[in-house]
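Structure record follows, encoded as structure tokens.
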There are 2 protein chains.
Amino acid sequence: MQTFDTVDELHEFVEMLLHRIDQRYTIGRRAVVELLASSERPLSISDIETRVPEIPRSSAYRHLSDLQKAGVVRRIAASDEFARFEMAEDFLHHHHHLLCSSCGQVIDVTPTRAFERTVARMVDELTAAQGFRATSHALDVIGHCANCER
Amino acid sequence: MQTFDTVDELHEFVEMLLHRIDQRYTIGRRAVVELLASSERPLSISDIETRVPEIPRSSAYRHLSDLQKAGVVRRIAASDEFARFEMAEDFLHHHHHLLCSSCGQVIDVTPTRAFERTVARMVDELTAAQGFRATSHALDVIGHCANCER
DNA sequence: GTTGTAATGAGACTCATTCTCATTCTATCA
DNA sequence: TGATAGAATGAGAATGAGTCTCATTACAAC
Ligand SMILES: [Mn+2]
Ligand SMILES: [Mn+2]
Ligand SMILES: [Zn+2]
Ligand SMILES: [Zn+2]
């Protein structure tokens, strides 16, 4: 979490986003948000289960799905079969991912401003010709993390 | 398929890649390769089933998995729950994807040389600090395709 | 406090993908 | 040209991440 001075401001913003879609900011949702906001890497469902075992799996999935609809959370497809979740970009600096194809770990990395300008320009070029309307982009680097790389 | 003058050259190269890992280039594998090589967009298993119904689902999955191990085919996670498959980059120009978050369609797009130079430089910067060894990258643009965009 | 509605928990269910194993190919060599 | 051992295949069972159902619980509004 980077763009909020206090945890209360974070929760206020989350609550507002949930209210927009007529959803309450309940204990369980709050627990998921606090976990994701305090994690420096995207978490899988089993990560979440390990760290907050009192949230049942079915509720965790539902919370994540509701929070995603509200724009609070983002789902990431890693290179293994498990989805990962992180706070949406409104809560974080825009960033990209290193995906380890050995262990599935996802590492956040922040690009330079200059690079993002180039990406934005290219995305416009690439999509214009196709009548495609872009809402976001993702640059994933696939490879092996320091751990898996011997 | 872009980098081969004849279909025979394509098959020769595929056969070599399979032989490297002690695999035979059989009828079923050949059918999958011909389909993917002639498609201008990545295909899902049900796409493949529709176009080559004589290949059983379990064999199609296995062929794709074997071909991926040989470096002939690449698996793509789309924004829906279905994996897509395309020829590996040795068989195609390097390119990126537009992912429609309404219908799941995957559209290939080719970046400029200048853009790829920038990407390559950034990937180096981003990964060096982490001890991460990059093997490839993917730039996905998420949005709505021309069809889904009214 | 009462009450109508939203959220939750437990577990059943779905379905893309993987696995098993009996059968069919096929490369090799006598 | 067979015979044969190992590889590939097909049919269907099994797996398991993710979704759905429904009975119960929490809560906002009055
Ligand atoms: Mn970016
Ligand atoms: Mn690229
Ligand atoms: Zn790793
Ligand atoms: Zn679409």
Side-chain angles (χ1 to χ4, degrees), chain A residues 11 14-35 42-50 52-70 72-86 101 103-104 106, chain B residues 11 14-35 42-50 52-70 72-85 101 103-106:
Chain A
H11 287 310
V14 170
E15 184 161 38
M16 188 269 283
L17 290 176
L18 282 166
H19 282 355
R20 271 198 200 164
I21 60 168
D22 298 307
Q23 295 286 321
R24 298 174 185 166
Y25 194 22
T26 60
I27 306 286
R29 290 169 179 176
R30 191 173 286 255
V32 170
V33 166
E34 290 203 332
L35 178 58
L43 301 177
S44 66
I45 280 284
S46 71
D47 291 336
I48 295 172
E49 199 171 40
T50 300
V52 196
E54 59 273 21
I55 300 179
R57 189 173 284 249
S58 63
S59 298
Y61 274 115
R62 187 168 32 210
H63 291 148
L64 261 351
S65 155
D66 294 339
L67 289 167
Q68 187 178 33
K69 280 178 199 143
V72 176
V73 152
R74 176 158 75 125
R75 176 188 297 246
I76 303 162
S79 44
D80 56 19
E81 69 268 44
F82 308 106
R84 315 279 158 132
F85 299 88
E86 66 180 6
S101 50
C103 69
V106 179
Chain B
H11 287 310
V14 171
E15 185 161 36
M16 188 269 282
L17 290 175
L18 282 167
H19 282 356
R20 272 199 200 162
I21 60 167
D22 299 307
Q23 295 287 321
R24 299 173 185 168
Y25 195 22
T26 59
I27 306 286
R29 290 169 178 177
R30 190 172 286 254
V32 169
V33 166
E34 291 203 332
L35 177 57
L43 300 178
S44 66
I45 281 284
S46 71
D47 290 337
I48 295 172
E49 199 170 40
T50 300
V52 195
E54 60 272 21
I55 300 180
R57 189 171 283 248
S58 63
S59 297
Y61 274 112
R62 186 169 30 210
H63 290 147
L64 261 350
S65 155
D66 294 339
L67 289 167
Q68 187 178 33
K69 280 178 199 143
V72 176
V73 152
R74 175 159 76 126
R75 176 187 296 247
I76 303 163
S79 43
D80 57 20
E81 69 268 43
F82 308 105
R84 316 278 158 134
F85 299 87
S101 50
C103 69
Q105 188 186 178
V106 179

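In the text below, chain A, chain B and the rest are named by the order of the sequence lines, each starting its count at 1. In what follows, every heavy atom counts, from backbone to side chain, and hydrogens, waters and symmetry copies are set aside. Bear in mind that the values here come from a model prediction, so they are computed numbers and not experimental data.
- Distances shorter than 4.0 Å separate none of the side-chain N or O atoms of B:Y61 from OP1 or OP2 on C:dT18.
- Place A:D66 and B:R57 on DNA chain C by their nearest nucleotides, and A:D66 ends up nearer the 5' end.
- Taking atom CG on A:L67 and atom C1' on C:dA7, their separation rounds to 13 Å, with Å as the unit.
- Candidate nucleotides D:dA8, C:dA16, C:dA7 were compared by shortest atom distance to the side chain of B:T26, and D:dA8 ranks first.
- Regarding B:I55, its CD1 atom lies at a distance of 15 Å from the P atom of D:dA8, rounded to whole Å.
- Residue A:I27 contributes atom CD1, which lies 13 Å from atom C1' of D:dT25 at whole-angstrom precision.
- Of the candidate nucleotides C:dA16, C:dA10, D:dA8, D:dA8 has the atom nearest to the side chain of B:R29.
- As rounded to whole Å, 12 Å separates atom P of D:dA11 from atom CD of B:E54.
- Contact annotation: B:Q23 side-chain N/O to D:dA8 OP1/OP2 distance is under 4.0 Å.
- Taking atom CG on B:L18 and atom C1' on C:dA27, their separation rounds to 16 Å, with Å as the unit.
- Exactly one residue among B:L17, B:V33, B:V72 makes a side-chain contact (heavy atoms from CB on, under 4.5 Å) with B:Y25. That residue is B:V33.
- Regarding A:Y25, its OH atom lies at a distance of 17 Å from the C1' atom of D:dC27, rounded to whole Å.
- Contact annotation: the side chain of A:V106 never approaches that of A:L43 to less than 4.5 Å [non-hydrogen atoms, C-beta and beyond].
- Of the candidate nucleotides C:dT18, C:dT8, D:dG10, C:dT18 has the atom nearest to the side chain of B:R75.
- Each of B:R24 and B:I45 has a nearest nucleotide on DNA chain C; the 5'-most of these lies closest to B:I45.
- Between A:I55 and A:A60 the shortest heavy-atom distance is CG2-N, 3.8 Å.
- Using a 4.0 Å heavy-atom distance criterion, A:S59 is classed as a base contact.
- With hydrogens and angles left out, the side chain of A:R62 and the base of C:dG9 share a donor-acceptor pair within 3.5 Å.
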Inset, instruction - Go through A:V32 and A:L64 one step at a time and tell me if the side chain to side chain contact (heavy atoms under 4.5 Å, CB included) criterion holds. - result: CA-CA 8 Å; A:V32 170; A:L64 261 351; 3.6 Å; yes
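- Within the structure, a side-chain polar atom (N or O) of A:H63 is placed less than 4.0 Å from OP1 or OP2 of C:dT8.
- Closest of all the heavy-atom pairs between A:S101 and A:S79 is CA-OG, 3.6 Å.
- Side-chain atoms of A:S58 come within donor-acceptor range of the base of C:dA10, with a qualifying N/O pair under 3.5 Å.
- A straight line from CD of A:E15 to P of D:dA28 spans 9 Å, rounded to a whole angstrom.
- Contact record, B:P42 with B:R84: CB-CB, 3.8 Å, taken as the closest heavy-atom pair.
- Residues from residues 77-85 of chain B that place a heavy atom under 4.0 Å from any atom of DNA chain C, listed by number: B:E81, B:F82, B:A83.
- Across all their heavy atoms, A:D80 and A:C103 have their closest contact at OD2-O, 4.0 Å.
- Between the side chains of A:D47 and A:T50, no donor-acceptor pair of N or O atoms lies under 3.5 Å.
- Atom pair B:D22:CG and D:dA8:C1' shows a separation of 14 Å (rounding to whole Å applied).
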